[in-house]
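Note sheet for the following structure.
For ligands, and for the atoms within them, numbers begin at 1 and follow the listed sequence.
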Amino acid sequence: MTEEIAKIRIFHSGDLIIGTELPLNEENSHYLSNVMRLQIGDNVSVFNGVDGEFLCRIKNSSKKQVIAEVLKQTQPFKDVPDIWLLFAPVKKDKTDFIIEKAVELGVKKILPIITARTIVEKVKIERYQAQAKEAAEQCRRLEIPDILPEQKLEKLLSNWPQERRLFFMDESLQGKNVAQVFAEEKGKPSAILVGPEGGFTTEEMQNLRQHPSVCSVSLGPRILRAETAVAAALSVWQAIDGDWK
Ligand code: SAM
C-alpha cells in the first residue's frame, strides 16, 4: 500500500470532489479528532460508496467538527460481486460476528430473516449498520452493503426475484456439494441463506426445496454454528464465482 493511501479510513455519505473542503459529520469528526487524535495536516482516506477512495488532509479541527481537504483519488470505485446474505439473527455477539464476516467476505446486501426457530426478539438494524460501516472501513471496501429490514422467511420466498439463485444451507445433509452447486450456477445473481441455532423446521425445508429459485446445499458432514456456516459458504462462493477467482 503506497503512503498515499492513509491508514485511517472513513466512510463519508456525500460528494468527494478534488480540491474542495469536506466538512465531516459529528460521528466521523469525533472519531478522527478525539479517538484517533488526528492533527491538522494529517492524512485520512475517505470513501463514499460511489466514487472510490480519496486521499484527504485535515484542514481544521474543533471538538465538534473536522474539515478536510480532498486532495486526490487513490482508488477508482469497484463494486463487490452480486451476492446477498440472508441469515436468521442469533445471539448478539454471534450476529455481530456474522455481520462483520459478511462485510469482509464481500456481500452486496444483508437480509435478516425471521424463521420459526429464530430466537431474537428485536432485530437491531442500526447496530448492524454501525457494525457494517466499521468493517467496511477496516477491510478497505469502497462501499457499505445495504442491510434490509427483517422479513419472515415465508414472505421472502413468496416475493423472491426469480432470476436470483437462493442457496439454502441445508443442515439435514441432503444438500448438494457446495463447490459443485456454486460451479454449476456460476454467473447468476446469488444469495446464501443460513438458519438459526435451532435450524430450519421440516416444513421450512420442504418449502425451500420446492421453490424454483432455491438450491439445497450441504457444507459437509458436520453441523456448523450459524456464524461458521456463513463464513464457510461465502468463502467458497467468492473462490468459485466471486472476486477471489
Ligand atoms: N439445530 C441444527 C441441527 O442440530 O441440525 C443446526 C443448525 S446450525 C447451528 C445453523 C445453520 O447453519 C443451519 O440452519 C444451516 O443453515 C447451517 N448449517 C450448519 N451446518 C451445516 C451443514 N453441514 N450443511 C449445510 N448447512 C449447515
Side-chain angles (χ1 to χ4, degrees), residues 83-124 128 131-132 135 145 147-148 150-161 164-186 188-242 244:
I83 177 83
W84 296 357
L85 171 67
L86 286 64
F87 78 103
V90 287
K91 287 194 192 72
K92 191 169 68 70
D93 58 333
K94 306 285 185 206
T95 297
D96 289 353
F97 182 89
I98 286 174
I99 298 289
E100 185 179 71
K101 298 315 144 200
V103 171
E104 290 173 57
L105 291 170
V107 297
K108 192 175 181 67
K109 208 173 265 200
I110 298 176
L111 293 77
I113 302 299
I114 305 304
T115 67
R117 295 177 183 157
T118 301
I119 46 169
V120 166
E121 295 80 46
K122 173 97 185 69
V123 175
K124 298 185 172 61
Y128 298 174
Q131 290 276 345
I147 300 182
L148 274 60
E150 66 272 24
Q151 293 182 62
K152 286 199 179 311
L153 179 60
E154 296 72 24
K155 184 159 176 299
L156 175 105
L157 290 177
S158 59
N159 306 326
W160 188 255
R164 186 171 292 271
R165 307 303 292 146
L166 175 52
F167 300 111
F168 144 55
M169 297 302 123
D170 178 349
E171 73 265 23
S172 72
L173 312 184
Q174 294 173 46
K176 283 176 76 175
N177 170 293
V178 59
Q180 186 187 334
V181 172
F182 287 173
E184 285 166 1
E185 301 294 338
K186 254 172 109 165
K188 294 175 188 164
S190 299
I192 283 168
L193 167 65
V194 173
E197 277 140 64
F200 292 104
T201 62
T202 312
E203 190 190 350
E204 286 171 336
M205 286 189 177
Q206 275 161 0
N207 289 345
L208 282 160
R209 290 192 189 109
Q210 280 157 11
H211 194 288
S213 300
V214 172
C215 296
S216 161
V217 176
S218 171
L219 290 171
R222 288 168 291 281
I223 295 296
L224 311 177
R225 286 194 182 279
E227 59 273 23
T228 312
V230 164
L234 284 173
S235 300
V236 176
W237 190 88
Q238 285 293 8
I240 291 174
D241 198 17
W244 287 9

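- Gln206 pairs by the side chain to side chain donor-acceptor pair (under 3.5 Å) definition with nothing, not counting sequence neighbours.
- For NZ of Lys108, the number of neighbouring non-hydrogen atoms (other residues, nucleotides, ligands) closer than 6.0 Å is greater than 12.
- In terms of protein heavy-atom proximity, atom 1 (N) of ligand 1 is closest to Glu197 O, 2.9 Å.
- Nearest protein heavy-atom contact of atom 24 (N) of ligand 1 is Leu219 N, 2.8 Å.
- In this structure, atom 9 (C) of ligand 1 lies nearest to the protein heavy atom Leu224 O, 3.2 Å.
- In terms of protein heavy atoms, atom 11 (C) of ligand 1 is closest to Gly195 O, 3.5 Å.
- Closest approach of Ala132 to Ile99, counting heavy atoms only: N-CG2, 4.0 Å.
- Annotation for ligand 1: atoms under 4.0 Å from non-hydrogen atoms of Val194 are 11 (C), 12 (O), 16 (O).
- Arg222 O, 2.7 Å is the protein heavy atom nearest to atom 23 (N) of ligand 1.
- Leu173 has its side chain out of reach of Pro221: every pair of non-hydrogen atoms, C-beta onward, lies at least 4.5 Å apart.
- Enclosure of atom NZ in Lys152 is not indicated, since only 12 or fewer non-hydrogen atoms of other residues, nucleotides or ligands lie within 6.0 angstrom.
- Of all protein heavy atoms, the one closest to atom 4 (O) of ligand 1 is Ile223 CG2, 4.1 Å.
- Residue Val217 approaches ligand 1 through these ligand atoms, each under 4.0 Å from one of its heavy atoms: 25 (C).
- Using a non-hydrogen distance threshold of 4.0 Å, Pro196 registers as a contact of ligand 1.
- Note: Trp160 and Trp84 meet the aromatic proximity criterion, with ring centroids under 6.0 Å apart.
- Environment of CD in Gln174: crowded, with over 12 heavy atoms of neighbouring residues, nucleotides or ligands closer than 6.0 Å.
- Below 4.0 Å from some heavy atom of Phe200 lie the following atoms of ligand 1, by number and element: 14 (O), 16 (O).
- Here Thr228 has no heavy atoms under 4.0 Å from ligand 1, in either its backbone or its side chain.
- Scanning the protein for heavy atoms near atom 5 (O) of ligand 1, the closest one is Glu171 CG, 3.5 Å.
- Residue contacts with ligand 1 leave out Val230, since none of its heavy atoms falls under 4.0 Å from the ligand.
- For ligand 1, the atoms lying closer than 4.0 Å to a non-hydrogen atom of Met169 are 15 (C), 16 (O), 25 (C), 26 (N).
- For the pair Gly220 and ligand 1, the shortest N or O to N or O distance falls below 3.5 Å.
- With respect to atom 17 (C) of ligand 1, the closest heavy atom belonging to the protein is Ala229 CB, 3.6 Å.
- Remark: Leu111 CG to Glu150 CD distance equals 11.0 Å, nearest 0.5 Å.
- Taking a 4.0 Å cut-off on heavy atoms, Gly175 fails to register as neighbouring ligand 1.
- Taking the six-membered ring where the residue is Trp, Phe87 and Tyr128 present tilted rings, their angle falling between 30° and 60°.
- Residues Thr228 and Arg222 have side chains that never bring a donor and an acceptor to within less than 3.5 angstrom of each other.
- Heavy-atom contacts from other residues, nucleotides or ligands closer than 6.0 Å to CZ of Arg117 number more than 12.
- With ligand atoms numbered from 1 in the order given, ligand 1 contributes 1 (N), 7 (C), 14 (O) to contacts under 4.0 Å with heavy atoms of Gly199.
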